[in-house]
**Student:** 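Pasting a structure below so you can have a look.
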Amino acid sequence: MRLARFVPLFFLVAGIVLIPWTIWLTFNLPMHHESDNWRTVWAGFDIAEAAALIATAVLALRGSPWLAPMAAITGTLLCVDAWFDITLEAGGNHLMAAVLEAVFVELPLAGILFWVSRNAEHALLHSLPPWRRAALRALAEPPSRE
């Protein structure tokens with residue numbers, strides 16, 4: 001089997017296997033859990049978000065081809081942060097703050113990052129000086145047969 005066919009099949013099977021596992025967890029995990037590492041988990045996650053935001057900025061400034069995947073990763077981290085903030089505060093004293101932060105900060109920023117990811121190649125190409133754009137176009141065009 002060629003790799004191009006194996007990779008999608010692998011991820012399809014992984015996704016399907018995850019469904020019964022998630023159902024099992026839903027009914028078997030305790031409703032309440034305390035952790036001594038709570039601060040470490042959240043501080044570590046916020047450090048990862050900060051690093052991803054900084055990496056996105058650096059890659060954008062450098063015009064790197066890695067900008068699109070990094071922006072997608074950063075946007076995903078922000079969505080996960082919003083999800084966990086809201087779900088872990090459900091019924092808690094800080095639920096409104098979590099919702100407001102998600103609605104006005106995390107999710108809009110994630111949306112911008114997903115837009116950057118989707119349009120990075122186009123934006124990076126148009127940020128180049130005209131002579132470099134022309135050179136890239138010339139390299140991308142197949143040679144003429146004369």
**Student:** Taking atom CZ as the centre, does F45 end up with more than 12 heavy-atom neighbours from other residues, nucleotides or ligands that are less than 6.0 angstrom away?
**Tutor:**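 Enclosed.
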**Student:** Quick one: which of D81, T87, V80 gives a side chain to side chain contact (heavy atoms under 4.5 Å, CB included) with W83?
**Tutor:**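 For W83, the side chain to side chain contact (heavy atoms under 4.5 Å, CB included) test succeeds with only one of D81, T87, V80, which is T87.
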**Student:** In Å, rounded to the nearest 0.5 Å, how long is the span from CH2 of W24 to OG1 of T26?
**Tutor:**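 Rounded to the nearest 0.5 Å, the CH2-OG1 separation comes out at 10.5 Å.
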**Student:** Of all the heavy-atom pairs spanning F114 and C79, show the shortest one and how long it is.
**Tutor:**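 In this case the closest contact between F114 and C79 is CE1-SG, 3.9 Å.
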**Student:** Show your working on side chain to side chain contact (heavy atoms under 4.5 Å, CB included) between V105 and L100 and close with a plain yes or no.
**Tutor:** CA-CA 8 Å; V105 179; L100 291 173; over 6 Å; no
**Student:** Is there a side chain to side chain contact (heavy atoms under 4.5 Å, CB included) between M96 and H94? Walk through the geometry before answering.
**Tutor:** CA-CA 6 Å; M96 183 55 72; H94 304 289; over 6 Å; no
**Student:** Hey, are the side chains of L107 and L78 touching, using non-hydrogen atoms and a 4.5 Å cut-off?
**Tutor:**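 No. Closest side-chain heavy atoms not under 4.5 Å.
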**Student:** Looking only at heavy atoms, which two atoms of A110 and G75 are closest? And how far apart?
**Tutor:**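 Minimum heavy-atom contact is CB-O, 3.5 Å.
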**Student:** Contact between D85 and E106 at the side-chain level, heavy atoms closer than 4.5 Å - yes or no?
**Tutor:**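 In short, these two side chains touch, coming nearer than 4.5 Å.
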**Student:** Roughly how far, to the nearest 0.5 Å, is the CG atom of L67 from the OG atom of S117?
**Tutor:**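 Output value for this atom pair is 7.5 Å.
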**Student:** Do V103 and L95 sit in the same hydrophobic cluster, where Ile, Leu, Val, Met, Phe, Trp and Tyr count as joined when their side-chain heavy atoms come under 4.5 Å apart?
**Tutor:**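 Both belong to a single hydrophobic cluster.
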**Student:** Check whether any side-chain heavy atom of T74 sits under 4.5 Å from a side-chain heavy atom of E49, and report yes or no.
**Tutor:**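 Not touching, per the 4.5 Å side-chain cut-off.
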**Student:** In terms of hydrophobic clusters joined by side-chain contacts under 4.5 Å, are V13 and I16 together?
**Tutor:**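 No: no chain of side-chain contacts under 4.5 Å links V13 to I16.
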**Student:** Are L88 and W38 packed together at the side-chain level, in the sense that at least one heavy-atom pair is separated by less than 4.5 angstrom?
**Tutor:**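 L88 vs W38: side chains touch.
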**Student:** Are F104 and V99 joined in one hydrophobic group, where the rule is that I, L, V, M, F, W and Y side chains link up if heavy atoms are under 4.5 Å apart?
**Tutor:**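 Yes, because F104 and V99 connect within a single hydrophobic cluster, where side-chain heavy atoms sit under 4.5 Å apart.
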**Student:** In sequence, state the C-alpha distance, the side-chain angles, and the governing distance for L53 and L109, and then conclude on side chain to side chain contact (heavy atoms under 4.5 Å, CB included).
**Tutor:** CA-CA 10 Å; L53 286 162; L109 187 52; 4.1 Å; yes
**Student:** Without swapping roles, check the side chain of T56 against the backbone of A52 for a donor-acceptor pair under 3.5 Å.
**Tutor:**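 At least one qualifying donor-acceptor pair exists.
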**Student:** For a 4.5 angstrom cut-off between non-hydrogen side-chain atoms, does W42 reach F84?
**Tutor:**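 Sidechains of F84 and W42: in contact.
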**Student:** Which heavy atom of P65 sits nearest to which heavy atom of P69, and what is that distance?
**Tutor:**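 Smallest interatomic distance, heavy atoms only, reads O-CD, 3.9 Å.
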**Student:** Test of understanding: clusters of I, L, V, M, F, W, Y form through side-chain heavy atoms closer than 4.5 Å, transitively. Do V41 and L77 belong to the same one?
**Tutor:**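 Each belongs to a different hydrophobic cluster.
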**Student:** Answer with yes or no whether the hydrophobic clustering places W21 together with L29; edges join I, L, V, M, F, W, Y residues whose side-chain heavy atoms lie under 4.5 Å apart.
**Tutor:**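 Shared cluster, yes.
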